[in-house]
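Here the structure comes first, spelled out in structure tokens, and everything after it is commentary.
In what follows, chains carry the letters A, B, and so on, assigned in the order in which the sequence lines appear, proteins first and then strands, with residues in each chain numbered from 1. Side-chain atoms are counted along with the backbone in the values below, which use heavy atoms only and exclude waters and symmetry mates.
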Number of protein chains: 2
Amino acid sequence: MLYSGFMSASEPPFPKPQEPQEPLGGPQLLEVGSAPDEPCLRADAARNRARLLDAAARLIAEHGAAGVTMEAVAAEAGVGKGTVFRRFGDRTGLLTALLDHSARNLQADFLGGPPPLGPGAPPVERLRAFGVAVLYRAVDRLDLELAAQPEPTRRYSHPSVQALRTHVTVLLRQIDPDADCDLLAQTLLAYLDPALINHLTRQCGMPMERLEKGWLDLVDRVTRTVG
Amino acid sequence: MLYSGFMSASEPPFPKPQEPQEPLGGPQLLEVGSAPDEPCLRADAARNRARLLDAAARLIAEHGAAGVTMEAVAAEAGVGKGTVFRRFGDRTGLLTALLDHSARNLQADFLGGPPPLGPGAPPVERLRAFGVAVLYRAVDRLDLELAAQPEPTRRYSHPSVQALRTHVTVLLRQIDPDADCDLLAQTLLAYLDPALINHLTRQCGMPMERLEKGWLDLVDRVTRTVG
DNA sequence: CATCTAAACGGACCTCGGTCCGGATCGTAA
DNA sequence: TTACGATCCGGACCGAGGTCCGTTTAGATG
């Protein structure tokens with residue numbers, strides 16, 4: 001079961017002259033398990049891309065996400081700075097690419113994995129499991145996720161976010177077809193926003209169990225109207 | 001009825017050597033209607049502060065929020081760049097200061113204004129009115145609000161946000177004392193986030209009426225458990 | 001009014017994200 | 001193998017945010 005078209009795919013089209021960028025996630029269906037994304041890259045380009053991702057990961061491991069300077073990444077990868085930007089568009093793009101694997105895995109799990117996350121379980125169950133999964137995925141990528149957070153205008157248009165939203169919307173519609181599921185989905189997803197999770201856990205010191213309970217309770221309240 | 005201590009007050013303490021900044025909003029009670037915030041500023045400092053805010057507002061009117069460069073503001077105000085930073089800490093601080101008036105007004109309204117926003121109406125009524133008020137306040141300051149959005153880490157620690165959160169939490173506790181009102185408050189506030197409102201209205205083209213209905217519905221669902 | 005100190009000022013300076021374009025490379029076709 | 005065009009590379013360059021520190025000034029004190 002694949003939705004209309006967005007999986008992850010967070011990179012800009014190859015040349016960026018003229019049209020600043022493909023406005024939203026391109027409509028390319030990807031089978032969920034695929035590791036190599038970029039479809040047709042010239043050999044050297046692909047090689048450099050790999051080097052760059054590798055270098056970025058290394059820098060993060062060493063100096064945290066804050067140490068990931070575009071120039072540093074370029075140097076560490078042994079390429080020029082321009083190359084980084086051509087490949088990933090901007091800093092957010094690079095960081096997002098690093099998160100891509102885990103995003104894809106998550107998608108694979110809730111699109112085609114075993115219940116209760118995947119299809120097979122009743123929608124409410126799936127929704128509950130979904131939140132918990134996102135919650136836990138978020139916490140261990142938290143630093144990166146925060147660093148990758150784009151300017152407010154782009155927050156909601158990113159393909160991977162759209163995928164989550166679509167999934168929640170679909171589930172909600174199965175549960176309560178008469179509600180404004182788009183808006184409810186936004187609300188639910190907002191609860192799972194990395195920035196919020198960061199604030200609650202690190203700044204307020206809440207334990208994960210509480211957030212988890214909070215999610216289940218929220219789902220209850222939001223879906224209780226029906227049935 | 002004033003809560004423990006945060007109104008708006010978005011400026012850094014005067015000298016910023018040593019301790020990077022007062023970590024969270026300082027605990028200074030302010031009567032709600034006060035226009036001049038900064039308590040004890042040297043004459044020249046106060047004068048320059050006013051000039052800077054004025055200059056910034058002018059620049060926004062002329063070139064939009066994007067045109068508000070720290071250097072441009074400094075030039076327009078006829079002061080040095082360092083002065084801008086000492087006074088407002090950073091760009092976000094400056095932009096936030098511009099939003100301060102409307103933030104204060106809103107606070108005054110829900111803390112001491114007439115019902116249903118202010119005290120006197122039943123909590124659920126107040127909550128409904130609150131959301132609608134925030135919604136509409138957000139839309140006409142949208143550009144500025146987006147531009148002022150700080151990095152994810154600071155989003156939730158800003159005094160004016162804390163004030164909103166506290167208010168919602170208090171209302172929720174009156175409605176359903178057994179719930180995890182802190183978490184529910186976060187969820188409700190997330191629905192009112194400027195970035196989300198921007199996305200829904202401008203990028204998705206939803207009319208305000210729908211957002212408004214969505215808020216009322218959300219409040220219903222979240223509070224329906226009780227009563 | 002003279003003096004003194006804390007506070008404020010200003011602009012040179014640094015870093016980093018992002019752009020640009022001449023030159024090097026890949027890959028294909030002859 | 002040679003030739004050629006599309007693609008990619010690299011690093012100089014630019015603008016903007018943010019820092020630093022020597023200098024100036026408000027305003028309190030005697």
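For B/Arg42, the side-chain atoms get nearest to D/dT25 when compared with the rest of D/dT25, D/dC8, C/dC16. Distances were taken from every side-chain heavy atom of B/Val79 (C-beta onward) to each of D/dG10, C/dG10, C/dG17; the shortest belongs to C/dG10. Distance from the side chain of B/Ala43 is smallest to D/dA26 among C/dG11, D/dA26, D/dG11. Residue B/Thr69 has its side chain nearest to D/dA16 when only D/dA16, C/dC13, C/dG10 are considered. The side chain of B/Asp44 approaches C/dC9 more closely than any other nucleotide in the set D/dC8, C/dC9, D/dG18. Side-chain proximity of B/Leu41 to D/dG18, D/dC9, C/dA8: nearest is C/dA8. Looking at the side chain of B/Met70, the nearest of the listed nucleotides D/dG17, C/dA8, D/dC8 is D/dG17.
If one axis is set at each end of the helix from C/dC1-D/dG30 to C/dA30-D/dT1 from five pairs, those axes are 0° apart, to 10°.
There is no side-chain donor-acceptor pair under 3.5 Å between B/Gln162 and B/Tyr156.
At whole-Å resolution of the value, CZ in A/Phe85 and P in D/dC13 are 17 Å apart.
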Discussion item. Pair B/Asp180, A/Lys213 - check salt bridge (charged side-chain N to carboxylate O under 4.0 Å, His left out), show working.
Written reply: CA-CA 9 Å; B/Asp180 191 334; A/Lys213 252 189 117 33; over 6 Å; no
Donor-acceptor pairs under 3.5 angstrom involving side-chain atoms of residues 53-67 of chain A: please list them, not counting sequence neighbours.
{"from": "A/Asp54", "atom 1": "OD2", "to": "A/Arg58", "atom 2": "NH2", "distance (Å)": "2.9"}
{"from": "A/Arg58", "atom 1": "NH1", "to": "A/Glu76", "atom 2": "OE2", "distance (Å)": "2.6"}

